[in-house]
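Notes for the one structure printed next.
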Protein chains: 2
Amino acid sequence: MPPSLQKELKKRGPFDSVEQEAMLALMRTTDLLENRLARLFRDYGLTLTQYNVLRILRGEGKPMPCLEIAERMIQVAPAITRVVDQLLKLELITKTQSSSDRRVFEIELTPAAAKLLKRMDQPVLDLHASLLKSVNKSDLRTMIRTLGVVRSGVQG
Amino acid sequence: MPPSLQKELKKRGPFDSVEQEAMLALMRTTDLLENRLARLFRDYGLTLTQYNVLRILRGEGKPMPCLEIAERMIQVAPAITRVVDQLLKLELITKTQSSSDRRVFEIELTPAAAKLLKRMDQPVLDLHASLLKSVNKSDLRTMIRTLGVVRSGVQG
DNA sequence: TGCCGAAAGTTTACATATAAACTATTTGGC
DNA sequence: GCCAAATAGTTTATATGTAAACTTTCGGCA
């Protein structure tokens, strides 16, 4: 059935579907939040990606191969290679070839990095809280649950 | 029950706060969704950003200055300059200097772009629906509302 | 009229993401 | 033991995002 002329001329609604609206809301909101986080990290001389790598290393508590870091970042390998190079230059990590498997390079935090992370902990927590202060914790948990459902639906 | 983000990321300790968990859930989920969208657009020879610019132009229905496009993308001017150049090369837009204000360049869709967009409409709608099929519409609306609260809280 | 600040875009520099091709090393079969 | 496939990581190419400096043009105001 051809669409009526009236419908064709009717101004396009803001969204074609709830799903599309949700998608745009997610993208815009996340972009906004990431910008604010990046701004804080810049005050400490780090980018968001660099900080994430350091956080992962601290969470692990021992040396990690590059690709294992990449996996946890949900990133592709080449991105990690570059970040590792930068962090090396900043002397926030060390990179040593594994003796048991010489394809592997073990990445480890330096004491300077541990100190830097510790100094950033409270400001980061505060910023997280501040950015989401307008939403009560119950609604946050609901959103976290919904986002989990989205991810499991996409991956499956 | 959806897998917890904590487990997905193999993080050892608990999250430091609900806010942090929400932040990570948002970033990871959005990243996943954007990747899938980008994959579809690539099939049509477009990047996500290029598609968004074309969508905005179609939504407006008449020529637009560069910076007005940038505003709607929540982007910075230089990014638009580049994507406009690319779309020009693809002959999907035209760029003409305004006669009333010669600082301004009016960007307009070509017929080829309109045709391309029309061809993409249904696949894009379908993908949106497919990516979010695991969440019922009521939960989606709740999430959209929560995300709106987040944005208003951050900007204010 | 002429100057000065603001606005529209561009350019440059740097950080990052993805894909694809490549190197080096290990491992599994035969 | 040797060769093929798999794995860890790098390199290159293209796209994007942000910041900062710069150009051209417009408009207000003395």
Side-chain angles (χ1 to χ4, degrees), chain A residues 27-28 30-54 63-90 92-93 95-107, chain B residues 27-28 30-54 63-90 92-93 95-107:
Chain A
M27 295 196 281
R28 287 175 71 129
T30 301
D31 191 61
L32 184 61
L33 295 174
E34 282 181 348
N35 272 341
R36 299 306 177 108
L37 284 181
R39 221 175 283 178
L40 173 64
F41 295 145
R42 197 163 48 243
D43 291 342
Y44 293 88
L46 293 178
T47 65
L48 201 149
T49 306
Q50 289 168 358
Y51 176 79
N52 279 336
V53 169
L54 297 182
M64 289 176 78
C66 293
L67 290 194
E68 203 171 314
I69 298 172
E71 235 172 78
R72 299 210 197 167
M73 304 267 300
I74 330 267
Q75 274 182 351
V76 158
I80 291 300
T81 296
R82 259 188 326 242
V83 173
V84 161
D85 284 348
Q86 296 158 1
L87 290 174
L88 268 176
K89 230 174 274 173
L90 294 172
L92 294 173
I93 58 171
K95 174 180 174 183
T96 56
Q97 194 167 28
S98 165
S99 52
S100 58
D101 185 339
R102 296 195 315 190
R103 292 171 304 181
V104 173
F105 290 85
E106 306 272 2
I107 310 300
Chain B
M27 295 196 278
R28 190 164 185 224
T30 302
D31 191 60
L32 183 62
L33 295 173
E34 282 182 348
N35 272 341
R36 300 305 178 108
L37 284 181
R39 221 175 284 178
L40 174 64
F41 295 146
R42 195 163 50 243
D43 292 342
Y44 293 88
L46 293 179
T47 65
L48 200 148
T49 306
Q50 289 168 359
Y51 175 80
N52 279 335
V53 169
L54 297 182
M64 289 176 77
C66 293
L67 289 195
E68 203 171 314
I69 298 172
E71 238 172 75
R72 301 217 195 158
M73 305 265 301
I74 329 261
Q75 274 181 352
V76 159
I80 291 300
T81 295
R82 260 186 326 230
V83 80
V84 161
D85 285 346
Q86 296 158 2
L87 290 173
L88 268 177
K89 228 174 278 174
L90 294 172
L92 293 173
I93 58 170
K95 174 179 172 184
T96 55
Q97 194 167 28
S98 164
S99 53
S100 59
D101 183 340
R102 296 197 315 190
R103 292 172 304 180
V104 174
F105 291 85
E106 306 271 4
I107 310 300

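Values in this document were obtained by computation on a predicted structure and should not be read as measured data. Order of the sequence lines sets the chain letters (A, B, ...), proteins ahead of strands, with each chain counted from 1.
- When the C1' atom of D:dG17 is taken as reference, atom CG of A:Leu33 falls 16 Å away, rounded to whole Å.
- B:Leu32 places its CG atom 15 Å from the C1' atom of C:dT18, with the value rounded to the nearest Å.
- Within the 4.0 Å cut-off from OP1 or OP2 of D:dG17, not a single side-chain nitrogen or oxygen of A:Asn35 is found.
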> What string of B, S and - do you get for nucleotides 5-12 of chain C, 5' to 3', when a contact is any protein heavy atom under 4.0 Å?
Replying inline: --BSSBBB
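- Distance from the side chain of B:Arg102 is smallest to D:dT25 among D:dT25, C:dT18, D:dG17.
- The 5' end of DNA chain C is approached more closely, in terms of each residue's nearest nucleotide, by A:Val76 than by the other of A:Ser99 and A:Val76.
- Taking 4.0 angstrom as the limit, B:Arg39 places none of its side-chain polar atoms (N or O) nearer than this to OP1 or OP2 of C:dA19.
- Between A:Gln50 atom CD and C:dA15 atom C1' there is a gap of 8 Å when expressed in whole angstrom units.
- Per the geometry, OH belonging to B:Tyr44 stands 21 Å off C1' belonging to D:dA15, to the nearest Å.
- Atoms CD (A:Gln86) and P (D:dT10) sit 13 Å apart, rounded to a whole Å.
- Rounded to an integer number of Å, the gap from CD of A:Glu34 to P of C:dA15 is 18 Å.
- Put simply, CE on A:Met73 is 14 Å from C1' on C:dT18, counting in whole angstrom units.
- Side-chain N/O atoms of B:Gln97 include none lying less than 4.0 angstrom from OP1 or OP2 on D:dT25.
- One finds the CD1 atom of A:Ile93 at 9.5 Å from the CD atom of A:Gln50 (value rounded to the nearest 0.5 Å).
- Rounded to the nearest 0.5 angstrom, B:Ile80 CD1 and B:Met73 CE are separated by 4.5 Å.
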> So B:Thr49 and B:Thr47, side chain to side chain donor-acceptor pair (under 3.5 Å) or not? Walk me through it.
Replying inline: CA-CA 5 Å; B:Thr49 306; B:Thr47 65; 4.7 Å; no
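- Of the inter-residue distances, the one linking B:Asn52 atom CG with B:Arg72 atom CZ reads 12.5 Å to the nearest 0.5 angstrom.
- Contact annotation: the side chain of B:Thr81 never approaches that of B:Cys66 to less than 4.5 Å [non-hydrogen atoms, C-beta and beyond].
- Counted within 6.0 Å of CZ on A:Arg28, heavy atoms from surrounding residues, nucleotides or ligands total 12 or fewer; the atom is thus considered open.
- Between B:Leu90 and B:Gly45, the closest heavy-atom pair is CD1-O, 4.5 Å.
- One interatomic measurement links the two molecules: CD1 of A:Ile107 to P of D:dG9, which rounds to 8 Å at whole-angstrom precision.
- The phosphate of D:dT16 has OP1 or OP2 within less than 4.0 Å of a side-chain N or O from B:Thr49.
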